[in-house]
Amino acid sequence: MFNYDAPESLLTGRVILITGAGDGIGRAAALSYAKAGATVILLGRTTEKLEAVYDEIENAGYPQPAMVPLNLDTAGEAAYVEMANMIDSEFGRLDGILHNASLLGQRTPLENYDPITFDQVMRVNVNAGFLLTQALLPLMKQSDDASIIFTSSSVGRKGRAYWGAYAISKFATEGMMQTLADEYSNSGNIRVNCINPGATATNMRSYAYPAEDPSTIASAADIQPVYLYLMGPDSKGITGQSIDAQGDGSPTDFV
Ligand code: NAP
């Protein structure tokens, strides 16, 4: 596991947006960021799940969160601009984005892959990340210490049979991270990196590996050290890296 002991108030005063915050790894990240003092903005497509995380954060006495119910599959450019305006008027700042929401799509040879599913996976896993980042960059640029984290996968580094659009979308995610990181490499205030969670017990993992016993792999809470490290000030200067949440802490340098 990535080795990092986050100070208690690591993210105090920061405002952080998390996509897919209602479940799985996104939910765990929202809770750990809020516990570390951040005001978290919970984005997801299922309002009841967002409300449950919202209540959990409020009941724990962490900073009051906000919710953005949004379907990344159907949202157009205008919805992201509207969200950026809302964040600006409500909070006046944004210090972090965790791009976490993804669709798994089909597990089938590309020869048989449904083109409609292919499009949907690329829209949610890639296009939405681009549109959301583009709309929020003006706010991120105003932060003293801004961090953008994308979520990759081992199948986004080496293609694997039957992982279809999901694998292709994760290669694109690595590419978007590297491109953006290079564009802001001299900015002094914006870093951009990827996290590869590794096998983690969530709905997506159960769907991909139905025969696996979830108690034999890491939980979403277990893998939080790297999520905290990359979002907080201790990772200042680290950019363009793709880091394994369950690795030994050495970044995989693609340059
Ligand atoms: P998950 O349990 O399926 O959670 C995904 C989250 O994304 C859910 O909250 C889901 O919302 C949300 N989401 C999906 N489509 C959306 C859309 N169109 N609009 C808004 N939100 C949407 O998956 P996970 O395992 O936590 O995965 C989190 C990230 O880690 C993903 O990027 C995944 O590719 C990556 N990853 C996971 C593993 C693993 O072993 N779990 C390994 C490698 C990489 P609903 O709850 O409403 O469905």
Side-chain angles (χ1 to χ4, degrees), residues 1-2 17-32 40-54 56 67-76 79-80 83 97-107 116-117 119-129 131-132 148-158 160 163-174 176-177 193-210 212-224 226-227 230 242-247 252:
M1 198 64 64
F2 186 91
L17 176 87
I18 299 127
T19 73
D23 213 335
I25 296 167
R27 173 183 167 277
L31 289 167
S32 68
V40 290
I41 302 172
L42 311 167
L43 186 153
R45 64 179 170 181
T46 310
T47 306
E48 304 80 67
K49 288 187 180 185
L50 297 181
E51 282 170 350
V53 180
Y54 184 105
E56 219 174 325
M67 286 194 320
V68 179
L70 192 73
N71 188 337
L72 300 174
D73 186 12
T74 50
Y80 295 103
M83 179 185 65
I97 304 172
L98 172 61
H99 292 283
N100 161 82
S102 274
L103 287 180
L104 181 64
Q106 289 174 293
R107 299 283 316 283
I116 292 173
T117 306
D119 264 355
Q120 189 187 25
V121 170
M122 295 305 280
R123 272 199 307 276
V124 173
N125 297 10
V126 182
N127 299 18
L131 290 170
L132 190 132
I148 302 176
I149 303 174
F150 288 95
T151 309
S152 185
S153 163
S154 52
V155 299
R157 296 172 179 170
K158 186 170 193 316
R160 199 181 301 160
W163 281 78
Y166 180 82
I168 296 166
S169 77
K170 294 300 186 182
F171 272 87
T173 297
E174 293 274 0
M176 182 150 49
M177 177 278 285
N193 296 285
C194 272
I195 293 174
N196 167 27
T200 309
T202 64
N203 290 340
M204 185 188 284
R205 178 75 191 184
S206 306
Y207 193 78
Y209 296 89
E212 183 177 71
D213 174 358
S215 70
T216 60
I217 58 173
S219 71
D222 292 338
I223 63 168
Q224 288 308 305
V226 74
Y227 285 82
L230 280 182
S242 186
I243 301 181
D244 289 338
Q246 301 186 46
T252 308

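Counting convention: from 1, in listed order, for ligands and their atoms alike. The first residue in the sequence is number 1, and the count goes up from there.
Atom 46 (O) of ligand 1 has Lys49 NZ, 2.7 Å as its closest protein atom, hydrogens excluded (heavy atom only). The nearest protein atom to atom 23 (O) of ligand 1, hydrogens excluded, is given as Met204 CB, 3.4 Å; this is a heavy-atom distance. Summary of contacts: the protein heavy atom closest to atom 30 (O) of ligand 1 is Thr151 CG2, 3.3 Å.
Note on ligand 1: Ala75 sits outside its first shell, no heavy atom being nearer than 4.0 Å. Ligand 1 is approached by Lys170 to a heavy-atom distance shorter than 4.0 Å. At least one heavy atom of Gly198 sits less than 4.0 Å from an atom of ligand 1. Remark: distances from the non-hydrogen atoms of Tyr166 to ligand 1 include one below 4.0 Å.
Counting heavy atoms from C-beta outward, Leu132 and Met83 have side chains that approach closer than 4.5 Å. The side-chain heavy atoms of Val121 and Asp119, taken from C-beta on, include no pair separated by under 4.5 Å. When side chains are defined from C-beta on, Gln246 counts as touching Thr200, because their heavy atoms get closer than 4.5 Å. The shortest distance between side-chain heavy atoms of Leu43 and Ile18 does not fall below 4.5 Å.
Taking every non-hydrogen atom of Gly24 and a distance limit under 4.0 Å, the qualifying atoms of ligand 1 come out as 2 (O), 26 (O). Those atoms of ligand 1 that come under 4.0 Å of a heavy atom in Thr202, given as number and element, are 2 (O), 24 (P), 25 (O), 26 (O), 41 (N). Atoms of ligand 1 found under 4.0 Å from any heavy atom of Asp73 (numbered from 1 in listed order, with element): 18 (N). Ligand 1 places these atoms under 4.0 Å from at least one heavy atom of Thr46: 45 (P), 47 (O). Of all atoms in ligand 1, numbered sequentially from 1 with element shown, those under 4.0 Å from a heavy atom of Gly20 are 6 (C), 7 (O), 9 (O), 12 (C). Contact atoms of ligand 1 toward Ala101: 7 (O), 12 (C), 13 (N), 21 (N), 22 (C) (distance under 4.0 Å to a heavy atom of the residue). Annotation for ligand 1: atoms under 4.0 Å from non-hydrogen atoms of Arg205 are 40 (O), 41 (N). Against a heavy-atom cut-off of under 4.0 Å, Ser152 is close to the following atoms of ligand 1: 44 (C).
With a 4.0 Å heavy-atom cut-off, ligand 1 is reached by the backbone of Leu70 but not by any atom from C-beta on. Neither the backbone nor the side chain of Ser154 comes within contact range of ligand 1; no heavy atom lies under 4.0 Å. In Asn71, the parts holding a heavy atom less than 4.0 Å from any atom of ligand 1 are both the side chain and the backbone. For Ser102, heavy-atom contacts with ligand 1 shorter than 4.0 Å involve the backbone as well as the side chain.
Ser206 and Asn203 are not linked by any side-chain donor-acceptor pair at a separation below 3.5 angstrom, with hydrogens and angles left out of the test. Side chains of Arg160 and Ser154: a donor on one and an acceptor on the other come within 3.5 Å. A donor-acceptor contact closer than 3.5 angstrom is absent between the side chains of Lys170 and Thr151.
The heavy atom nearest to atom 11 (O) of ligand 1, out of those in Arg123, Arg27, Arg45, is found in Arg45.
Ring pair Tyr209/Trp163 is tilted by interplanar angle, where 30° to 60° counts as tilted.
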